[in-house]
Amino acid sequence: MSGGHLSKEFFELVKSIGESRSKQEEDKIIVGEIAILKAHLSQPQISPKKMKEYMIRAVYCEMLGHDAGFAYIHAVKLTHEKNLFAKRIGYLTCNLFLHKDHELMLLLINTMQRDLQSANHLEVCAALTSVCRLVNNEMIPAISPLVFKLLSHPQEVVRKKAIVASNRFFKLEQSVVLDYKDQIRKVLCDPDPSVMGASLHILYEIAKANVSSCKDLVPSFVSILKQITEHRLPRDFDYHRMPAPWLQVKLLSILGLLGTADQKSSEQMYEILQECMRRADSGVNVGYAIIYECVKCITRIYPDHSLLELAASNISRFISSDNHNLKYLGVTGLAQIVQVNASYAAEHQMVVVDCLEDTDETLKRKTLDLLFRMTNPQNATVVVDKLTFHMRTSVDTHLRRELVQRITSLAERFAPDNEWYVNTMNTVFELGGDLVPSETAYNLMRLVAEGTGEDEEKDQEFRRFAVNTYLKLLEKSTLSDILVQVIAWVLGEYARLVTEDGYTMDDIIDLLCDCIDRPFEDVSTRGYLVNALMKIVGQRGITSSTVDGVIRNYRSSRLTDLQQRCYEFEQLRQSPGLMQKVLPYDASCEDITMNKGLTFLDSFVRQKLDEGAKPYQDAVQRASAKEFGGHSNEPAESKPTLNFTPYEAPSKPQAGAFPSAPMGGVGGGGPFGGGGGGMDGGFSSNS
């Protein structure tokens, strides 16, 4: 809209909005503008010229967060105008105001159908633009035949918009588009490159939904990509002297999809991929984007040794670059190559490690992800050290949780020995704290208990190492809950294996008793410590006043679980022999035989019955006894169930079957001396 068509009011509106100094001042201007627009739109016989301006002013109101719903119907009416400029403004404002499920969409369908069949290609284009934005599932059957017919329109701009609308149909209702699949495939051979390029998007979506349906198009895609790289397209499609880079990127995405796990299709792509990477290496950013897309394609299709080497060579230049964006691109591309064959990344390990020192947080995270993928038994210790360092320095909870998972995974997969694994996991427990899942601690305790299972002497030596290590850790004043739980379990099971100078069993007990008074976030941690004390005292028969004081103190704890453990401790202390049987040494891996019938109690039960004790009653018997006043020993009947037998139909009473009620009166012969007529009689006597 040129300035000559606009009123002074419109210029004043734009000027005042630009000069407003606060949101409140801006809102005041828009509220006033909405009132003015409502007054103008309520007038009859508004000219199309004025209506166009009013709609643009309503768009300003909507853009600034205010409701201009009163103008929606006028925008729809504007699409009915014969004036092309007014119609296009109407479609534009409908696209901005409405959504695909808006109630006013019913009024637009007929207009769209009429304009899609117009002889003026500008009207057709305006309608197609709205179809892409506003079409819904209910409209597709009425609109789609007209849109697919436009795929053969003489104007290339119409064909391009029609294929874009077809892509929108496919995302909403795939079956409708698949019926016209042959027509869509023909668009790939359109003489206009822009139409052909638009068709790549819907063909990509079709290939994603069903790869086999597009396998026969691989030669066509390869041929098109070859024509593009050889500069056979008009220069209008060049960007920084790179021929149609966006078409190249989309074609490479499609080829990567079609070549996955398909050697025959992939072999047709090898030559063009190599040529595409060679020509894209021109030193401009868009060329780097094409190289990266080639690397992605190479890692997805059936692998070729020479192509993977070429991809790794190009990616290594990105990683070595001083540009952060290229470094990020290199790290991401190398991570994809590693998934195919980790050996290609071996020579770039030190460069990748150097990326961890970069100040860019995003690059640092991506590098940590790549290091995780590059890890093998030879470099596991170095990678874990790097990940641990970043967990120690990071304050981001999400990153720390991710690092805990990755360090744990690498330690379990590539640990060179059990001692290294224990030290690594202790560090994770210290730094991760509540971010460490309980399964991780369980896996460590299981390893200590079971060992390798190959050499008992080495397993015993490993347990001795664990006990000595955890004794030193227990001296620290601050430990995470999960680490204290692991320490308590290991010392409770294997404290007798201690060989560390200066530590006796009494020292271990004192350390555990001191630790139990620390503040903990997990309420179960003190239970682990009480259990450890029970095992040590029970196995060694030790008498300790410190332990007795701890048990007396926590016997009155608010936690019932801790209370019960303390009371059990006191009861077991009275029978040392029984305590040793209940808490044997190194019995965590022994199978427990369960006597579900509790037959060992039979003699005790018989003795009590002979002494006159009442026999046990199950829940049904107790309910029956309660129902009959507690005197019935007979088994209770089964619980009542729903009765699905229908009631009998009521029978009509015969005449004279019931005596007629006496009529009211004060002297009626009712038993209470009142009128035999019941309530009616009583009221009549009072009246």
Given 3.5 Å as the limit, does a donor-acceptor pair link the side chain of T367 with the main chain of V352, or not?
no

Donor-acceptor check, side chain of D481 to backbone of D434, threshold 3.5 angstrom: yes or no?
no

With side chain to side chain contact (heavy atoms under 4.5 Å, CB included) as the test, would you mind laying out the steps for L356 and F389 before giving the verdict?
CA-CA 11 Å; L356 287 175; F389 172 77; over 6 Å; no

Ignoring hydrogens, what is the shortest heavy-atom contact between G90 and T79? Give both atom names and the distance.
C-CG2, 3.4 Å

To the closest 0.5 Å, what do you measure between CD1 (I254) and OG (S220)?
11.0 Å

So do the side chains of L188 and I224 get within less than 4.5 Å of each other, counting heavy atoms only?
yes

R392, CZ: over 12 other non-hydrogen atoms inside 6.0 angstrom
no

Mind checking whether F465 and F462 have parallel, tilted or perpendicular rings, split at 30° and 60°?
parallel

Could you check if a side-chain atom of D192 sits within less than 4.5 angstrom of a side-chain atom of K160, using non-hydrogen atoms only?
no

At their closest point, which heavy atom of V147 faces which heavy atom of A162, and how far apart are they?
CG1-O, 3.6 Å

Do side-chain atoms of D238 reach the backbone of R241 as a donor and acceptor pair under 3.5 angstrom?
no

Counting distance only, does the side-chain N/O of S394 pair as donor-acceptor with the main-chain N or O of M391 below 3.5 Å?
no

Say you draw a straight line from CG of L257 to CD1 of I301; how long is it, rounded to the nearest 0.5 Å?
12.0 Å

Hey, mind stepping through Y288 and N325 against side chain to side chain contact (heavy atoms under 4.5 Å, CB included) and telling me if it holds?
CA-CA 10 Å; Y288 297 143; N325 293 330; over 6 Å; no

Are more than 12 heavy atoms from other residues, nucleotides or ligands located less than 6.0 Å from atom CZ of R88?
no

Is it true that D369 and R365 have a side-chain N and a carboxylate O under 4.0 angstrom from each other?
no

Close side-chain approach of T424 and L410, heavy atoms under 4.5 Å
no

So how far is it from Q485 CD to D522 CG, rounded to the nearest 0.5 Å?
5.0 Å

For H201 and E205, test the side chains for any donor-to-acceptor distance below 3.5 angstrom and give the result as yes or no.
no

Working note: L108 + C94, criterion side chain to side chain contact (heavy atoms under 4.5 Å, CB included); need CA distance, chi angles, decisive distance, verdict.
CA-CA 9 Å; L108 263 183; C94 283; 4.1 Å; yes

Side chain of N136, backbone of K100: donor and acceptor closer than 3.5 Å?
yes

Tell me the closest heavy-atom pair linking F318 and G330, and the distance in Å.
CB-CA, 3.6 Å

Going by an N to O cut-off under 4.0 Å, is there a salt bridge joining K327 and D358?
yes

Out of curiosity, K171 NZ to I202 CD1, how far, rounded to the nearest 0.5 Å?
9.5 Å

Could you verify whether a donor N or O on one side chain and an acceptor N or O on the other, from E267 and Q263, lie under 3.5 Å apart?
yes

I'd like to know whether NE2 of H398 has more than 12 heavy-atom contacts from other residues, nucleotides or ligands below 6.0 angstrom.
no

For V124 and S118, work out which heavy atoms get closest and say how close.
CG2-O, 3.5 Å

Pairwise distance CG(D354) to CD1(I319) - rounded to 0.5 angstrom
10.5 Å

Quiz: residues 289-299 side-chain donor-acceptor pairs under 3.5 angstrom, not counting sequence neighbours:
{"from": "E293", "atom 1": "OE2", "to": "S253", "atom 2": "OG", "distance (Å)": "3.1"}
{"from": "T299", "atom 1": "OG1", "to": "V295", "atom 2": "O", "distance (Å)": "3.2"}
{"from": "T299", "atom 1": "OG1", "to": "K296", "atom 2": "O", "distance (Å)": "2.8"}

Closest contact, heavy atoms only, V286 versus M242
CG1-CB, 3.8 Å

Taking the side chain as everything from C-beta on, heavy atoms only, tell me whether N376 gets closer than 4.5 Å to N379.
yes

For atom OH of Y60, decide whether the heavy atoms of other residues, nucleotides or ligands shown that lie under 6.0 angstrom number more than 12.
no

Do the ring planes of F148 and Y180 sit parallel (below 30°), tilted (30 to 60°) or perpendicular (above 60°)?
parallel

So, does H153 use its side chain to make a donor-acceptor pair with the main chain of Q155 at under 3.5 Å?
yes

Would you say the side-chain atoms of S266 pair up with the backbone N or O of D262, donor to acceptor, closer than 3.5 Å?
yes

Is there a donor-acceptor pair closer than 3.5 Å between any side-chain N or O of E123 and the backbone N or O of L84?
no

Under 6.0 Å from the NZ atom of K215, do we count more than 12 heavy atoms belonging to anything else shown?
yes

If only atom types and distance count, is the side chain of R373 paired as donor or acceptor with the main-chain N or O of V338 below 3.5 Å?
no

Go through the structure and list residues passing side chain to side chain donor-acceptor pair (under 3.5 Å) with E62, not counting sequence neighbours.
Y72

Between the side chain of H102 and the main-chain N/O of M105, is any donor-acceptor distance below 3.5 Å?
no

So W420 and V384, do their side chains get closer than 4.5 Å, heavy atoms only?
yes

Could you report the tightest heavy-atom contact between I228 and A244, atom names first, then the distance?
CG2-CB, 3.9 Å

S313 OG to L308 CG distance, which is reported to the nearest 0.5 Å
12.5 Å

Hey, mind stepping through L233 and L247 against side chain to side chain contact (heavy atoms under 4.5 Å, CB included) and telling me if it holds?
CA-CA 11 Å; L233 266 62; L247 296 185; 4.0 Å; yes

Could D115 and K87 be called an ion pair, given the rule that one side-chain N must be under 4.0 Å from one carboxylate O?
yes

Less than 4.5 Å apart, side chain to side chain, heavy atoms only: is that true for L146 and M112?
no

Would you say S321 and N323 are linked by a side-chain donor-acceptor pair, where the criterion is simply a distance under 3.5 Å?
no

Does K226 have more than 12 heavy atoms from other residues, nucleotides or ligands lying within 6.0 Å of its NZ?
no

Going by heavy atoms in the side chains, are V76 and F97 under 4.5 Å from each other?
no

Heavy-atom check, side chain of T229 versus side chain of C276, under 4.5 Å:
yes

